[in-house]
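Reminder, nothing fancy here: chain letters follow the sequence lines and each chain counts from 1.
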Amino acid sequence: MKNAVGREIPEEILKLTGKDVYRGSHYFDGKEFKKDGPVTKPVINSNGSKLVDSIHDVLVKCGIKDGMRLGFHHHFRTGDKVLNMVMEEVHKMGIKNITLCASSLGKQNDPILPMIEDGTITNIESSGVRGSIGTAISEGKLQGLAIMRSHGGRVRAIETGEAHVDISFIGAPTSDEYGNLNANGGKANCGVLSYSAVDAQFADKVVAVTDTLVPFPNLPAQITQTYVDYVVVVDQIGDPSKIATGAAKPTTDQRKLLMAKYCTDFVVQTPYFKEGFSYQTGVGGASIASTLYLAEIMREKNIHMGFGVGGIAKPMCDLLDEGLIYKLVDTQDFDEPSIENIQRNPNHFYITGGEYANPFNKGAYVNKLDFVILAALEVDTHFNCNVVVGSDGVITGAQGGHPDTAAGAKCTIVIAPIMQGRMPTICSDVTTVTTPGEDVDVVVTDYGIAINPRRQDLIEATKDAKLPLKTIEELRDIAYSITGEPERVQFSDRVVGIIEARDGTIMDVVRQIKDFEFKDE
Amino acid sequence: MEIKKPAVAGTLESSDCQVVVEPGEGKIEFSLDSTVIHQFGNQIRKVTFETLDRLGIDNVKISIVDKGALDCTIKARIEGAVFRSVDQYENLPWGGAIK
């Protein structure tokens, strides 16, 4: 059955998952539902401590068994130690058919690869996957389906009960013996525990894993004792120096600087750029450069950002310290300076993943965004974006908050070079749709800016600004004139993964890769 | 032209390709490893055969490791490898067999 972005979703996948096809970004707006709830074991006694000696013992106490769904957060990104540590113990105990429900997975999780091959892990639910697990999924090694959910989508899936988490493990930089958790003040800090908040509230069993036990009560707590069943102390939960994936220093790449300039020139022409505007950006070179350009104009015109959302890195913290931004609401810290900033600057606030992006609550922060600046692997002439599947057809990225912020923001801008190597970034049809074109308003490339024809208001607002405006088709044609017209990736038939829309419907499917075959002469 | 000895041109840098030519066994033997093989594998093969044809080569083992090179680069690397294989560094047919 064809969905609202024109992707054919196979009937057997709809039957297997019980899911509907994607019908549009606001299809569920205002539709009521009843939330799921966790099985809760009350603590009425006054014995005082929830400490358990080891991961093994806590797995036994939680009643670990085949087929369970286990929750994890990825706030330590490539420095995470908790997921592998827990899964090694699960593996040793001979448990099978585990569904991993992680807020994201990356190359730090490569050690669990053998557990996919031997059936310990048979299903994966994640924002995305980088590293060899992504390759393994694309090669068809996972027995079940991989479900890629946005950050908001994961919260929705857990709260509706579609992904009922049996045990969640929360790597907590500090904890007391009763399970008050904070992301700061320990040996290894991660700034916020936003993605675990939903696990705390909806998982049957909640286990805090910490390397810094502090006296009771550990206040302020991001996750409180009322949700935590057990506390385990280990040697090390994460390495914060590995949180930053790339050096976040200002780029000198002229192409990125050009795109950043175009982006800022566009932003300031829109009616949303005024005192108190809101903004989210990523950590790519062009995104950071555009934030720095924008700051210059904000200083010049004495315009302040009311709040910044995200995904926070040092450049946004610097603007907060300077007073150009009034408040930062933070769901994830991308570098150590931002972890340090949230501990120090009282206008830098922790919010939960649900508050950030869940489409099925009574209003997430993304809905209040004026601008979001995003990147993409591919953007097509329908403005659909792909951020998960690489040019070789292999799962290699994550949805993150891409579809959530794109849906929420009044002006969604995607910055992408017109080509990367020989790959035209602007193309006729993306390999895999992760963010629907209806939510993408502007595409900024090094060869010009295309505005989505749905946004006649933005076209009108910027028409006299001497911006290098082009149609998206013109941008594609420029790309193809340099690279040649690409053929589509050759996949085999088997579906190995689902790109889930933030509302739980199916946006697209990812198929198993196969070796390239030349056309007959 | 007849390929006399193995020769190589190009690098493994992004947007380049490395072409190796060796004396053939009576035909064109083509192998390709490319980061964009799905999108441009057929096109790269076409450019390779066209370039060899222009150079008058029908007996060669040619292998290309491509890192996303454009057609013009691929052509130039093939031409470079071929003329190296016959030790011809002067009087190159610019505008003729080399386009």
Side-chain angles (χ1 to χ4, degrees), chain A residues 135 138-139 253-256 285 377-380 386 389-397 416-432 446-447 476 478-493 510-521, chain B residues 9-21 24-55 57-80 99:
Chain A
T135 308
S138 282
E139 286 171 347
D253 180 332
Q254 293 303 308
R255 190 162 74 149
K256 286 180 186 162
L377 297 169
E378 293 175 309
V379 185
D380 68 22
N386 165 28
V389 177
S391 58
D392 50 2
V394 173
I395 296 170
T396 190
I418 205 158
M419 52 189 276
Q420 286 275 38
R422 194 179 180 166
M423 280 303 300
T425 309
I426 313 299
C427 58
S428 299
D429 278 294
V430 292
T431 309
T432 310
D446 39 348
Y447 282 75
R476 174 204 54 196
I478 294 169
Y480 285 9
S481 75
I482 301 167
T483 64
E485 186 172 343
E487 291 174 34
R488 292 188 68 77
V489 179
Q490 299 174 3
F491 289 101
S492 62
D493 287 337
V510 182
R511 292 176 191 274
Q512 190 171 329
I513 51 168
K514 67 169 189 180
D515 288 338
F516 173 78
E517 285 171 26
F518 284 106
K519 272 185 201 158
D520 292 336
E521 280 289 68
Chain B
T11 71
L12 298 175
E13 296 295 316
S14 178
S15 299
D16 199 355
C17 65
Q18 193 164 66
V19 176
V20 178
V21 294
E25 290 160 6
K27 59 178 183 183
I28 296 176
E29 224 174 292
F30 170 71
S31 77
L32 174 64
D33 175 1
S34 170
T35 52
V36 292
I37 197 160
H38 283 277
Q39 289 79 9
F40 296 107
N42 288 308
Q43 174 64 16
I44 293 169
R45 182 181 60 172
K46 182 164 162 263
V47 165
T48 302
F49 278 76
E50 280 170 4
T51 307
L52 291 173
D53 185 52
R54 214 162 0 85
L55 296 168
I57 293 171
D58 55 11
N59 182 18
V60 64
K61 245 163 118 174
I62 182 165
S63 35
I64 300 179
V65 180
D66 168 54
K67 300 291 179 185
L70 297 175
D71 286 352
C72 52
T73 308
I74 295 166
K75 253 188 272 185
R77 293 309 189 189
I78 294 170
E79 289 160 353
K99 283 236 162 97

Checklist entry - Are B:D16 and B:T11 close enough that a side-chain donor and a side-chain acceptor fall under 3.5 Å? => result yes
Donor-acceptor pairs under 3.5 Å, side chain of residues 510-518 of chain A to any protein atom, not counting sequence neighbours: which ones?
unit_1 : atom_1 : unit_2 : atom_2 : d
A:R511 : NH1    : A:D493 : O      : 2.5
A:Q512 : NE2    : A:E139 : O      : 3.2

Checklist entry - Is it true that a side-chain atom of A:T425 and a backbone atom of A:P417 form a donor plus acceptor pair closer than 3.5 Å? => result yes
Next on the checklist: Can you tell me which portion of B:T35 sits under 4.5 Å from chain A's heavy atoms? Options are side chain, backbone, both or neither.
Outcome noted: backbone
Checklist entry - Under 3.5 Å, side chain of A:E378 to main-chain N/O of A:N386, donor-acceptor pair present? => result no
Checklist entry - Which of residues 61-69 of chain B get closer than 4.5 angstrom to chain A, counting heavy atoms alone? => result B:G68, B:A69
Next on the checklist: Quick check: under 4.5 Å, non-hydrogen atoms only, which of residues 43-51 of chain B neighbour chain A?
Outcome noted: B:Q43, B:I44, B:R45
Checklist outcome for this item: Applying a strict 4.5 Å limit to non-hydrogen atoms, the region of A:Q420 in contact with chain B is neither
Checklist entry - CD1 of A:I395 to OG of A:S138: how many Å apart, nearest 0.5 Å? => result 4.0 Å
Checklist entry - So do the side chains of B:H38 and A:Q490 get within less than 4.5 Å of each other, counting heavy atoms only? => result yes
Item to check | Short side-chain to backbone donor-acceptor contact, A:D446 and A:I418, under 3.5 Å | outcome: yes
Checklist entry - In chain order, what residues pass the salt bridge (charged side-chain N to carboxylate O under 4.0 Å, His left out) check against B:K27, with sequence neighbours excluded? => result none
Checklist entry - Under a 4.5 Å cut-off applied to non-hydrogen side-chain atoms, are B:Q18 and B:D33 in contact? => result no
Checklist entry - Distance from A:Y447 atom OH to A:I426 atom CD1, nearest 0.5 Å? => result 12.5 Å
